[in-house]
Amino acid sequence: MGNIILEMKGINKIFPGTQALSNVDFQLRRGEIHALIGTNGSGKSTLMNILSGAIRSTNGIIMYKGEQQKFSSPFDAIKNKIIMIHQELKLVAEITVAENIFFGRFPKTKLGMLDWKEMNIKAGEIIKALDSSIEPDQLVSELSVARQQLVEIAKALSQDAEILIMDEPTASLTSEETSLLFKVMRNLSSKGVSIIFISHRLGEVLEVSDRITVLRDSLLVGTIEKGKDFNKEKLVNMMIRKEGAFKQYDNQECDSKVMFSARNISYSNKVIDVSFDLKKGEVLGIAGLLGAGRTELFKCIFGQYQISSGEFYINDKQYYAKHPKDAVKHKIAYVTEDRKREGLILSMSISDNMIFASFDKFKARILLNRKKQKEYVAKQIDDLKLRCNSQQTLVNSLSGGNQQKVVLAKWLLADCDIILMDEPTRGIDIGAKNEIYALVMELASQGKGVIFVSSELEEVQFVSNRILVMSEGRLVKELPNKNTTLEEIMCYATGK
């Protein structure tokens with residue numbers, strides 16, 4: 001266990017407007033299971049994407065087997081026997097297990113034809129080494145998620161993986177399937193394979209890991225060895241920022257009138273029996289970690305996902321969310337987590353993006369009233385302090401913070417009463433963040449109801465009147481904002 005196979009030293013990564021990693025060190029021993037944890041946005045995925053060749057660091061060095069290395073692509077990392085298994089499995093469902101294991105590297109006969117017999121024999125040997133009963137000629141589509149995970153591991157072993165990066169591998173598994181996976185991981189570890197295990201489930205992290213490294217806000221907090229400090233309280237304290245980094249906003253008292261209700265909402269296994277009320281003029285925060293079900297809940301409210309059971313109510317009248325058009329008609333806005341793919345059309349202008357949700361307001365018979373559009377857009381640009389050359393500036397040329405302001409302006413022009421905000425400050429600078437906080441408070445003061453989701457627990461605490469905590473699809477706790485600590489929120493979010 002004392003043999004170091006990998007050292008990442010002084011790793012920095014700067015995306016436009018965002019310091020994703022700042023001088024981070026990470027060390028991996030041969031044959032250990034090393035957990036990498038932190039809240040969403042802490043830098044875990046960025047660090048592993050650098051190691052696996054998906055992105056390049058801004059600076060810093062990687063020492064692998066005692067030699068300095070630079071992995072310019074995932075293929076380059078794989079060639080060096082470093083393989084990442086992503087949370088979203090990269091398997092082809094309609095071909096066999098053996099074909100998936102050797103995809104792109106099929107054994108050939110002397111005549112250059114695919115050697116099915118050899119491929120199935122080799123695949124069977126690897127699967128047997130994992131103590132699994134999967135048949136090489138089974139279609140992947142016939143397998144459970146847990147068995148598909150084993151196929152991904154078999155695929156990595158077929159490439160002689162020495163470092164296996166596992167990103168949230170238990171997110172979709174039952175407790176029995178998780179136990180099986182951990183058995184496989186320990187077996188691989190005993191054979192000298194080094195495993196980096198990324199998970200938000202602290203109980204699982206403590207159960208299977210030899211060491212745990214914690215990142216927070218792009219920085220390394222520390223690494224702890226299995227021993228007396230190996231407990232949830234220690235990890236929670238390492239994962240959250242110290243009290244006082246944000247001052248709690250002096251939220252005004254909201255109206256007692258309930259403007260929106262969710263009753264026993266379920267969707268797939270992502271949202272399970274969730275009920276809550278939103279009051280007029282309230283900022284309702286929802287805290288939780290990756291996989292908690294917050295985004296899925298928003299998409300159910302907005303009509304993008306169809307609920308399997310439960311009801312929504314607006315002002316005590318049942319609301320049927322069959323399509324986003326229904327949501328907009330009922331004055332529900334959705335500031336999405338992924339503004340570039342879901343919130344904006346990047347190749348179009350600021351002005352045209354802003355009017356998408358309120359198109360009818362600017363119609364003059366069959367044409368648009370461009371004069372009216374120009375006046376309204378100019379006011380939004382001025383009110384939101386949006387930095388741009390003109391209304392016709394293309395959105396893809398703006399900074400992340402200004403792109404987010406365009407998304408917000410789109411919904412402000414639509415004059416919605418219920419505003420869903422999913423990670424509204426992700427990837428933007430502190431100045432733009434403060435402007436968005438002020439806007440949230442202003443909307444609440446106008447009697448709007450805001451549901452605010454953020455992976456930064458301090459942010460949720462900063463802006464909210466009340467805080468709901470979700471974990472693994474369920475609403476596990478409702479907390480008053482006053483006198484609620486970050487530790488308390490984190491304990492519920494991690495299922496403690």
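- Classification of Lys90 and Glu152 as a salt-bridged pair fails, no side-chain N sitting under 4.0 Å from a carboxylate O.
- The main-chain N or O of Arg466 is never found under 3.5 Å from a side-chain atom of Glu478 such that the two would form a donor-acceptor pair.
- Distance CD1/Ile195 to CD1/Ile165: 11.5 Å, rounded to 0.5 Å.
- Looking at heavy atoms from C-beta onward, Ile350 lies in side-chain contact with Leu398 at the 4.5 angstrom threshold.
- Within 6.0 Å of CZ on Phe302 lie more than 12 heavy atoms contributed by other residues, nucleotides or ligands.
- Asp422 has no carboxylate O lying under 4.0 Å from a charged side-chain N of Arg339, or vice versa, which leaves the two without a salt bridge.
- A ring-centre distance under 6.0 Å is not found for Tyr319 and Tyr313.
- Remark: side-chain polar atoms of Arg216 are paired, donor with acceptor, to backbone N or O of Met238 under 3.5 angstrom.
- Screening residues 402-411 for salt bridge (Lys or Arg N to Asp or Glu O under 4.0 Å) gives Lys405-Glu435 as the qualifying pairs, with residues at least two apart or on separate chains.
- Remark: the backbone N or O of Pro169 is paired with a side-chain donor or acceptor of Gln149 at under 3.5 angstrom.
- Using a cut-off of 4.0 Å between Lys/Arg side-chain N and Asp/Glu carboxylate O, Arg263 and Asp277 are scored as salt-bridged.
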Glu204 and Thr170: CA distance, side-chain angles, deciding distance, side-chain hydrogen bond (donor to acceptor under 3.5 Å, both in side chains) verdict: CA-CA 9 Å; Glu204 294 177 359; Thr170 65; 2.6 Å; yes
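- Between Asn465 atom CG and Leu284 atom CG the span is 8.5 Å, to the nearest 0.5 Å.
- Under the 4.5 Å side-chain criterion, counting only non-hydrogen atoms from C-beta, Ile286 is in contact with Met470.
- Here Lys379 pairs with Asp383 in a salt bridge; the nearest charged N to carboxylate O distance falls below 4.0 Å.
- For the ring-ring contact (aromatic ring centres under 6.0 Å, His included) test, residues two or more places apart in sequence or in another chain that qualify with Phe260 are Phe312.
- By the ring-ring contact (aromatic ring centres under 6.0 Å, His included) test, Tyr305 is found to be paired with Tyr267, residues two or more places apart in sequence or in another chain being considered.
- At least one donor-acceptor pair closer than 3.5 Å links the side chain of Asn481 to the backbone N or O of Ser464.
- Salt bridge status for Glu282 with Lys257: absent, with no side-chain N to carboxylate O gap under 4.0 Å.
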